[in-house]
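Atoms considered below: every heavy atom in the structure, side chains included; atoms not considered: hydrogens, waters and symmetry mates. Quick caveat, the model's predicted, so the values are computed rather than measured. Counting starts at 1 for both ligands and their atoms, in listed order.
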Amino acid sequence: MRPGRLAGALLSAAAAVLALRAWPAHEASGSGRPRLILFLSIDQMRYDYLTRFAPLFKGGFKRLLDDGAVFSNALYRHADTETGPGHSVLLSGRSPWHSGIVANTWYDAVLKRDVNVVEDPAVSPIGGSGYGASPANFVGFTLGDMLKKRNPAARVVGISLKDRAAILMAGPRADAAYWFDTSRGSFVTSTYYVREAPRWLAEWNARRLPDAPQFRQWTRLLPDPGLYERYAGPDDVKAEWDGVDTVFPHLVREAPPSAKFYDDLRRTPFGDEILLEAALEAMTAHQLGADDDTDLLAIGFSSTDVIGHTYGPESQEVLDEYLRLDLTLGRLFDEVDRRVGLDRVVIGLSADHGAMPLVETLQARGVAARRVQPRELLDPVTRALDGRFGPANGLVARFLPPDFYLDLEAIARLGLLRRDVEEVARQALMETGIVERVYMQEDLLGDPPPGDASFALMRRAFYQPRSPHITVLLKQWEYLSERPGGTGHGTAWEYDRHVPILFMGPGVRPGTYAGACVPEDIAPSLAALLRLEYPLQDAGGVLTDMLRAE
Ligand SMILES: [Zn+2]
């Protein structure tokens, strides 16, 4: 299917051994074309982290803020602001309605089970466990694919703690994607990319960096707790996580090789520090940026997401994670400068979605925020359907909160009209008082109703073969979860959609750009910097304001 891939992997492995000893010092070269696109996604990074923490940044974020183009009004324009959909947009320029990446998980009525966004039954995991992962569910192409189409010598690699981040940013034609398997504490890949683990990967995993003793306890980076108070408020906030482990220092639970330990490790800044080390090794192995054929390295930092979910955007933990990530990015940029020369590297940075502050923090400010339990939606719908159509009707095939998949076969078997079933569910949902609006597939396939500002967001997140039959938009400031603490994202509301977009490098005019833009603009804008033809697809346009006039 992809001839030459295995040979390429063997060559890469051989090259890696050489490159570990000596990376050729970069020289000024005549072609002027960037040697490397370095794209960074920061999972769950809200735009305001850039401004709130700006005075404290000394590393990579400071460099990007000082020398880069900063887009301050970039908002996703799809509902269902989850990790899979966000990452599928970042380097493709395609919205979920065209890429089919509508959620992290959807229900498959034929298989009668949930399907993970990067799950692919045709491939097997390499070095890990669980499902084999690939971009098979993604409909479309990425910037990396187009780079390789222009020049097959271009190398494209994605790496992240999360499979979906690495795979969806890298794209269908990528040379490799790597992600962290918490069952073993190793970086892994799948047979979609190679037949066996590349040697560099096996060797890197054998070093067991995640097991190192310095990763067992998380303390504040900076010595002054008062500074944390000023920038992030008190450490002891009961609405964080389990309501118990809410203050520094945080101990990672259990010890290697426990899966719980590796899972917890992602809840600390160490997850992203370990990722960086693996990414640099991948860069060496694949010789990214080593010659004039423009390569692409996409790195997805994900500890930010786990920490954000656990402690909330205004926590001392999120502040500390961003202070440490600032240093991690600084180290990355220094290393890329040493190897490639930053004057030959275009850097892009964005996020897959934002997040809502902790409900209790909002309430303390007078916002009518509230926590919602999934059963507050499921119970009324079940009661209403049972009341109207009889008990044990089996009409709901799957409830993936807050949305519903109906059993269309059951509807036919009972001789019902789908529209009648949906209407009963809609009424029950609206009567809960926590629902803003309910969308059936028929609604989303029809014309926009007047006065519905959310419709366009819901429509852009809708792909009929995978989307739920009943899509529920909760009211603003409601957080849906079974957990007692923490927070999250996933809605059509602005706090989940506002993300940073930054670029830095040759051809980029530094400054802050306040015009409205969308993450779909990233791929065609990077392509413009590379003089690579790339269709706009779902982008609003190329971000031409930041392009230097020649
Ligand atoms: Zn995410």
Exercise for review: Please confirm if an N, O or S atom belonging to Thr83, backbone or side chain, lies less than 2.8 Å from the Zn ion (ligand 1).
Suggested key: yes
Exercise for review: Give a yes or no on whether Glu82 keeps an N, O or S atom under 2.8 Å from the Zn ion (ligand 1).
Suggested key: no
Check your understanding: Ion pair present between Asp326 and Lys58, side-chain N to carboxylate O less than 4.0 angstrom?
Key -> no
Review point. Would a distance-only check, ignoring hydrogens and angles, find a side-chain to backbone donor-acceptor pair under 3.5 Å from Asp496 to Gly490?
Key: yes
Check your understanding: For Asp352, what is the atom name of its N, O or S atom nearest to the Zn ion (ligand 1)?
Key -> OD2
Review point. Do the numbers put Arg94 on top of the ring of Phe141, so that NZ or CZ is under 6.0 Å from the six-membered ring centre and no more than 45° off the axis?
Key: yes
Practice item. Check whether more than 12 heavy atoms from other residues, nucleotides or ligands sit under 6.0 Å from atom NZ of Lys62, and answer yes or no. Key: no
Check your understanding: Taking just the N, O or S atoms of Asp43, which one is nearest to the Zn ion (ligand 1)?
Key -> OD1
Point to revise | Under 2.8 Å: N/O/S of His353 next to the Zn ion (ligand 1) | key: yes
Review point. Strictly by modelled atom types, are Asp236 and Thr246 linked by a side-chain donor-acceptor pair under 3.5 Å?
Key: yes
